[in-house]
Asks: 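Below is a structure I'd like to ask you about.
Start at 1 and go down the list; that is how both ligands and their atoms are numbered. In what follows, residues are counted from 1 in the order of the sequence shown. Computation of the quantities below employed the complete heavy-atom set of this structure, encompassing side-chain atoms and omitting hydrogens, waters and symmetry-equivalent molecules. Predicted, not measured: the structure shown is a model, and the values here were computed from it.
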Amino acid sequence: MSDNQKQSNDLTQWKVKDLVFRVEGGDPGDFISFDEEKCDSCGDCAMVCAGSLWTVPEGKKARLAPKYRELCLECAACYAVCEADAIDFRYPNGGTGIVIQHG
Ligand code: SF4
Ligand code: SF4
């Protein structure tokens, strides 16, 4: 497996190029919430999510991957682009969530 690929199947740490993503211990809780009633199925969240954690099937409401707490990069892009205000985002509690290291 090359350096540009995930180091292992362990979701607690992986490497992309020279960046190391690591999930700090503890439960980050639900830091993204989704209001299906407000979703207009525009698909923008799926388009911007670098982790491919949103799916929006044709003519249906958006769906967030159940394992988002482990895989989300916490960029808040989905929250920023959702003009319908269907997505709410807050950074995980201190001591939990993604830590990005260079090198
Ligand atoms: S960006 Fe918002 S309104 Fe558009 S599909 Fe995603 S959740 Fe629904
Ligand atoms: S915060 Fe970023 S990585 Fe996480 S679900 Fe939203 S767009 Fe995807």
Side-chain angles (χ1 to χ4, degrees):
M1 183 176 282
S2 76
D3 282 348
N4 289 345
Q5 294 174 303
K6 190 174 165 183
Q7 286 182 325
S8 73
N9 289 329
D10 182 353
L11 291 177
T12 59
Q13 181 172 317
W14 64 99
K15 186 167 186 175
V16 180
K17 294 187 179 172
D18 57 350
L19 297 177
V20 175
F21 298 86
R22 184 162 50 83
V23 178
E24 290 286 293
D27 182 359
D30 278 320
F31 55 92
I32 296 178
S33 58
F34 171 58
D35 186 340
E36 188 176 293
E37 291 298 314
K38 291 182 178 176
C39 176
D40 64 10
S41 307
C42 70
D44 289 351
C45 52
M47 199 177 309
V48 299
C49 181
S52 300
L53 300 178
W54 289 94
T55 51
V56 188
E58 185 76 31
K60 298 201 171 166
K61 305 284 185 174
R63 181 173 172 274
L64 179 60
K67 294 189 94 176
Y68 84 88
R69 284 182 224 144
E70 294 154 80
L71 303 171
C72 175
L73 299 176
E74 297 162 18
C75 66
C78 53
Y79 166 71
V81 299
C82 183
E83 294 186 358
D85 206 22
I87 298 172
D88 198 14
F89 175 94
R90 66 166 176 79
Y91 288 105
N93 300 327
T96 61
I98 291 280
V99 173
I100 302 173
Q101 298 173 323
H102 192 266

Asks: Which pair of non-hydrogen atoms, one from V56 and one from G43, has the smallest distance, and what is that distance?
Replies: CG2-CA, 3.9 Å
Asks: Does ligand 2 have any atom sitting under 4.0 Å from a heavy atom of Y79?
Replies: no
Asks: Using the side chain to side chain contact (heavy atoms under 4.5 Å, CB included) definition, which of the options C45, C78, C72, P66 pairs with L53?
Replies: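 With L53 as partner, C45, C78, C72, P66 yield a single side chain to side chain contact (heavy atoms under 4.5 Å, CB included), made by C72.
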Asks: Please list the nearest protein heavy atom to atom 7 (S) of ligand 2 with its residue and the distance rounded to 0.1 Å.
Replies: C78 N, 3.4 Å
Asks: Could you tell me, atom by atom, which parts of ligand 1 come under 4.0 Å of a heavy atom of A84?
Replies: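 Those of ligand 1 that fall under 4.0 Å from A84 are 3 (S).
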Asks: Considering non-hydrogen atoms of the protein only, which is the closest contact for atom 4 (Fe) of ligand 2, and what is the distance?
Replies: C72 SG, 2.3 Å
Asks: Would you mind running through ligand 2 and noting each atom that sits below 4.0 Å from a heavy atom of C49?
Replies: 3 (S), 5 (S), 7 (S), 8 (Fe)
Asks: Please say yes or no: joined through hydrophobic side-chain contacts below 4.5 Å, possibly via intermediate residues, are I87 and V81 part of one cluster?
Replies: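 They do not share one cluster, since no chain of ILVMFWY contacts under 4.5 Å joins I87 to V81.
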Asks: Would you mind reporting whether Y68 and W54 have side-chain heavy atoms less than 4.5 Å apart?
Replies: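 No. Closest side-chain heavy atoms not under 4.5 Å.
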Asks: Which ligand 1 atoms are under 4.0 Å away from a heavy-atom of G43?
Replies: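 Per the distance check, 4 (Fe), 5 (S).
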Asks: Counting from 1, what ligand 2 atoms have a heavy atom of C75 closer than 4.0 Å?
Replies: 1 (S), 2 (Fe), 3 (S), 7 (S)
Asks: Following the transitive rule for hydrophobic clusters with a side-chain heavy-atom cut-off under 4.5 Å over Ile, Leu, Val, Met, Phe, Trp and Tyr, establish whether L71 and Y91 coincide in one cluster.
Replies: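 The answer is yes; both residues are in one hydrophobic cluster.
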Asks: To which protein heavy atom is atom 8 (Fe) of ligand 1 closest, and what is the distance rounded to 0.1 Å?
Replies: C39 SG, 2.4 Å
Asks: With heavy atoms of I87 as the reference, note each atom of ligand 1 found under 4.0 Å away.
Replies: 7 (S)
Asks: In Å and rounded to the nearest 0.5 Å, what is the OH to CG distance from Y79 to D85?
Replies: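 Reported to 0.5 Å precision, the distance equals 7.0 Å.
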Asks: Using a 4.0 Å heavy-atom cut-off, say whether V48 meets ligand 2 through its side chain, its backbone, both or neither.
Replies: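 Neither part.
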Asks: Can you check whether R63 reaches F34 side chain to side chain, under 4.5 Å on heavy atoms?
Replies: no
Asks: Please list, in number order, the atoms of ligand 1 under 4.0 Å from a heavy atom of F34.
Replies: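 Contacts of ligand 1 toward F34, numbered from 1: 7 (S).
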Asks: Within less than 4.0 angstrom of ligand 2, does L71 place any heavy atom?
Replies: no
Asks: Search all heavy atoms of P28 against all heavy atoms of P92 and return the closest pair with its distance.
Replies: CB-CB, 3.7 Å
Asks: Among protein heavy atoms, which lies nearest atom 5 (S) of ligand 2, and at what distance?
Replies: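 Among all protein heavy atoms, the one nearest atom 5 (S) of ligand 2 is W54 NE1, 3.5 Å.
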Asks: Just verifying a value: how many Å separate K61 NZ and D40 CG, rounded to the nearest 0.5 Å?
Replies: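 Output value for this atom pair is 7.5 Å.
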Asks: Between CZ of R90 and CD of E74, what distance do you get to the nearest 0.5 Å?
Replies: 10.0 Å
Asks: Counting only heavy atoms closer than 4.0 Å, does ligand 2 sit against the backbone of A76, its side chain, both, or neither?
Replies: backbone
Asks: Report yes or no: does C42 have an N/O/S atom closer than 2.8 Å to atom 2 (Fe) of ligand 1?
Replies: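 Not a single backbone or side-chain N, O or S atom of C42 is under 2.8 Å from atom 2 (Fe) of ligand 1.
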Asks: Could you list which atoms of ligand 2 come closer than 4.0 Å to a heavy atom of I32?
Replies: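 Checking each atom against I32, I get 5 (S).
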Asks: Give the residue and atom name of whichever protein heavy atom lies nearest to atom 2 (Fe) of ligand 1, and the separation in Å to one decimal.
Replies: C82 SG, 2.3 Å
Asks: Please state which protein non-hydrogen atom is closest to atom 3 (S) of ligand 1 and give its distance, to 0.1 Å?
Replies: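 Ranking protein heavy atoms by distance from atom 3 (S) of ligand 1, first comes D40 OD1, 3.1 Å.
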Asks: Return the closest protein heavy atom for atom 6 (Fe) of ligand 1 as residue, atom name and distance.
Replies: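 Of every protein heavy atom, C45 SG, 2.4 Å lies nearest to atom 6 (Fe) of ligand 1.
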